[in-house]
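First up is the structure itself, then whatever we jot down about it.
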Amino acid sequence: MNQSFGKEYKLCSKKVIDELFESGQRVNAHPLALTYKFMDKTASKTPFQVVVSVPKRLFKHAVDRNRIKRLIRECMRKNKSILEDFLAKEKYQNQQLALFLVYRDNKEPEYQFLYQKMTKLFVTLITTIEKNEK
RNA sequence: UUGGCAAAUCGGUUUAUCGCUGUUCGUCAAUUGGCGGAGAGAGGAAAGUCCGGGCAACAUAGAGUAGCGUACUUCCUAACGGGAAGGUGUUUUCAGCCUUGUGCUGAAGGCAACAGAAAGUGCAGCAGAAAAUAGGUAGCCCUUCGGGGUCAUAGUGAAAAGGUGAGGUAAGAGCUCACCGUGCAAGCAGUGAUGUUUUGUAGCUAGGUAAACCUUACGCGUUGAAAGACCAUGUAAACUGGGGAUGUUUGGCAGCAAUGUUAAAUGAUAGGGUUACUCGCCCAACUCAGAGGGUAGGUUGAUGGAUUCUGCGAGUGAUUGCAGAACUAGAUAAAUGAUAAACGUUCCUUUUUGGAAAACAGAACCCGGCUUAUAGAUUUGCCUUUUUU
RNA sequence: GGCUCUGUAGCUCAACUGUAUAGAGCACUGGAUUUCGGCUCCAGCGGUUGGGGGUUAGAAUCCCUCCAGGGUCA
């Protein structure tokens, strides 16, 4: 299975991020908070794009912030098949999911703990999307 | 052998699997992607932004004043407020000396914005008689009882205008002398700061404060990669260059003339910008000619350099010359991660063994320093504890 | 990645270019007044001037350095 998680998964456009915060919807799985919105397909072929953020307010040192971001990205890489299988359906083919993930705790997490939370987050995201469509 | 101080070096290693960002090779589509291989990928401080440079743009950039910075000497360096060596002062420890003193000499280490107070201006609460042109409270002495002389002694203070002894005097005083100290000039030593048990000279002035104004010497244009350059699209009120923009008439003087200069008359503008001021420079509407703008875009700037390592020299040293070899991150919301195992280090328990821990901290154009944070390890030097000889 | 400002009592601010025990209002505590409370009056409490070092006889003030917090840059 392809487990790569490269540059094309990164959300960079400032316009999209602004729009995401104006009209996006939220899902929580403490300590992770996710804002999501469906967008039109961009040049990249990935089913979703994501921003990972750790507030400077909670972690003073750049080392700690970088480490948490790396852990989150690693967990996402391992778990992305959940989301990709769901988005592979035909009705989502012309859309792209924009995500903004924020870490909201002042303690540095363990990898195993974060892995479970990420799984939970993706599952709840899928269920809420399905619920909203009904 | 215990602990401490200083300096220097290091700042875990290896393998497997799954990933991330560049580079390069091959291959397939066809100009940008896919697949596969190879190889690279955070620091000693990457930090703070406290200094200095490279690089870039800009006359709204120049010149002078103002302003800002630096400040023992010589050297190093691209440069510095950094560094090296030296000097001076001060302080700590140790040793020696005899006059036993807040003494002198020597050694080792630490610290110093360490130019000028003899260019000028200022400042100094309280206390004290008096605080910088000295002064007269007590005391001492003289007295015609009005007053005068005096700083030795006392007292105040952060600071009271050389010290000891002798002479001298009404009492005193560098008033005079000897020794000591201090300043100045010359000589000698040193590139120099400076030193001097060399000589002369001054009766002693010139208290402190310049991280107060200031003076002297030297240096400094401003803004910073969000600098700047290019590309695609195709034609903005933005940009570039010229005109606008300093004239015209008459007389005198210089000159062959062009022209320059000066005086008078007349016309237009007499506005704005610059780090404060002066000069200088630039600028509007309008017009002529050229050129092409926006874009949270892309490429570049951007990592081969005051580079690193080794060897042989130069120098006390910082540093540097020559030769050879090497290529050592380049991301853009920001890559260097996760999992597992082994080895090494430290600690606990302990026969093997088992368990736990591993600091400070993440490149953002690039260098040289400084400062701050830092578990632990190694080496060298000095001091120290214990034991043995 | 740069540039720049601020830090004084629990809170909001003073203290001029260095000199007295760092001052004022609000808050807090006690007392007076009132049947009780408020208002008012009187008295008190409260400070390592962000930390450290330096210059000076003397520092909130001048200088250096560290820390914390803000502002700003098409």
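Letters go in sequence order (proteins before strands), and every chain restarts at 1. Since the model is a prediction, treat every value here as computed from it, not as a measurement. Scope of the values below: all heavy atoms of this structure, side chains included, with no hydrogens, waters or symmetry mates.
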Discussion item. Rounded to whole Å, how long is the line connecting atom NZ of A:Lys69 with atom C1' of B:rG19?
Written reply: 18 Å

Worksheet item: Rounded to whole angstroms, how far apart are CZ on A:Phe5 and P on B:rA338?
Response: 16 Å

Worksheet, complete the sentence: Partner of B:rU24 under the Watson-Crick or G-U wobble criteria, both distances under 3.5 Å, comes out as B:rG37

Worksheet entry | d(CZ, A:Arg67; P, B:rC20) in whole Å | 19 Å

Worksheet item: What's the CE-P distance between A:Met76 and B:rG337, to the nearest Å?
Response: 19 Å

Item to complete: Using Watson-Crick or G-U wobble pairs with both distances under 3.5 Å, give me RNA chain C in dot-bracket, 5' to 3', with [ ] for crossers and | for pairs to another strand.
Response: (((((((..((((.....[...)))).(((((.......))))).....(((((..]....)))))))))))).

Worksheet entry | Of A:Gln112 and A:Asp64, the one whose closest RNA chain B nucleotide lies more 5' | A:Gln112

Worksheet item: Only one of A:Leu125, A:Thr128, A:Asn132 forms a side chain to side chain contact (heavy atoms under 4.5 Å, CB included) with A:Gln25, so which one is it?
Response: A:Asn132

Worksheet item: If pairing requires Watson-Crick or G-U wobble contacts with both distances under 3.5 Å, which nucleotide is the partner of B:rA6?
Response: B:rU380

Worksheet item: Where does B:rG44 land, syn or anti, given syn is within 90° of 0?
Response: syn

Fill in: C1' spacing across the pair B:rG221 / B:rG368, given as an integer number of angstrom
24 Å

Worksheet item: A:Tyr111 side chain: which of B:rA334, B:rU339, B:rG362 is closest?
Response: B:rU339

Practice prompt. Between C:rG23 and C:rU8, how far apart are the C1' atoms? Round to whole Å, please.
Written response: 11 Å

Worksheet item: B:rC18 P sits how many Å from A:Leu71 CG, rounded?
Response: 21 Å

Worksheet item: Watson-Crick or G-U wobble partner for B:rA306, using a 3.5 Å limit on both distances?
Response: none

Worksheet item: Given atom CD of A:Glu84 and atom P of B:rG19, what is their separation to the nearest angstrom?
Response: 13 Å

Worksheet item: When the P atoms of B:rA334 and B:rC327 are considered, how many whole Å apart are they?
Response: 33 Å

Worksheet, complete the sentence: By the Watson-Crick or G-U definition, both distances under 3.5 Å, B:rC111 is matched with B:rG89

Fill in: Glycosidic conformation of B:rG208, taking syn as within 90° of 0 and anti otherwise
anti

Item to complete: Taking atom C1' in both C:rC26 and C:rC66, compute the distance separating them and give it to the nearest angstrom.
Response: 35 Å

Fill in: A:Ile82-A:Met76 co-clustered via ILVMFWY side chain contacts under 4.5 Å
yes

Worksheet entry | Pairwise side-chain contact, A:Ile68 with A:Leu114, heavy-atom cut-off 4.5 Å (strictly under) | no

Worksheet item: Which atoms form the tightest heavy-atom contact between A:Asn28 and A:Leu121, and what is the distance?
Response: C-CD1, 4.1 Å

Discussion item. For the C1' atoms, the ones on C:rU56 and on B:rU209, what distance do you get once it is rounded to whole angstrom?
Written reply: 8 Å

Item to complete: Quick one: look up who B:rU339 pairs with, Watson-Crick or G-U, both distances under 3.5 Å, and put none if it's unpaired.
Response: B:rA16

Worksheet item: Taking the side chain of A:Val63 as its heavy atoms from C-beta onward, which of B:rU336, B:rG362, B:rG337 lies nearest to it?
Response: B:rG362

Worksheet item: Using the P atom in both, what is the distance from B:rG54 to B:rG313, to the nearest Å?
Response: 37 Å

Fill in: More than 12 heavy atoms of other groups within 6.0 Å of A:Glu130 CD
yes

Worksheet item: Across all strands shown, which nucleotide pairs with B:rA129 by Watson-Crick or G-U wobble geometry, both distances under 3.5 Å?
Response: none

Discussion item. Between the base of B:rC18 and the side chain of A:Arg77, is one N or O donor paired with an acceptor at under 3.5 angstrom?
Written reply: yes

Worksheet item: Is the base of B:rG22 syn or anti, if syn means a glycosidic angle within 90° of 0?
Response: syn

Worksheet item: Starting at the 5' end of RNA chain B and moving along, which residue's nearest nucleotide shows up first, A:Lys78 or A:Asn66?
Response: A:Lys78

Worksheet item: Would you say B:rG19 has OP1 or OP2 under 4.0 Å from some side-chain N or O of A:Arg70?
Response: no

Item to complete: Can you tell me the pairing partner of B:rG67 across any strand shown, Watson-Crick or G-U wobble, with both distances under 3.5 angstrom?
Response: B:rC220

Practice prompt. Assign B:rU328 to syn or anti; the rule is syn for a glycosidic angle within 90° of 0 and anti otherwise.
Written response: syn

Worksheet entry | Gap between atoms OH and P, on A:Tyr9 and B:rA334 respectively (whole Å) | 16 Å

Worksheet entry | Cluster overlap A:Val123 with A:Leu83, hydrophobic side-chain contacts below 4.5 Å | no

Worksheet item: What is the ring orientation for A:Tyr36 with A:Phe38, classed by angle as parallel under 30°, tilted 30 to 60°, or perpendicular over 60°?
Response: perpendicular

Item to complete: Can you tell me, in whole Å, how much space there is between the P of B:rA341 and that of B:rG43?
Response: 27 Å

Practice prompt. In whole angstrom, give me the gap between the P atoms of B:rA160 and C:rA57.
Written response: 13 Å

Practice prompt. Select base, sugar-phosphate, or nothing to describe what A:Arg65 touches, counting heavy atoms under 4.0 Å on all strands.
Written response: nothing

Worksheet item: Is there a Watson-Crick or G-U wobble partner for B:rU300 with both distances under 3.5 Å, and if so, which one is it?
Response: B:rG228

Discussion item. Within 90° of 0 counts as syn, otherwise anti: where does B:rA42 fall?
Written reply: syn

Worksheet entry | Geometric class of the A:Phe48/A:Phe5 ring pair [parallel <30°, tilted 30-60°, perpendicular >60°] | tilted

Fill in: A:Lys80 versus A:Tyr9, side-chain donor and acceptor atoms under 3.5 Å
yes

Discussion item. List the residues meeting side chain to side chain donor-acceptor pair (under 3.5 Å) with A:Thr119, not counting sequence neighbours, and say none if there are none.
Written reply: A:Asn79

Worksheet item: Tell me: CD of A:Glu74 to C1' of B:rG337, nearest whole Å?
Response: 6 Å

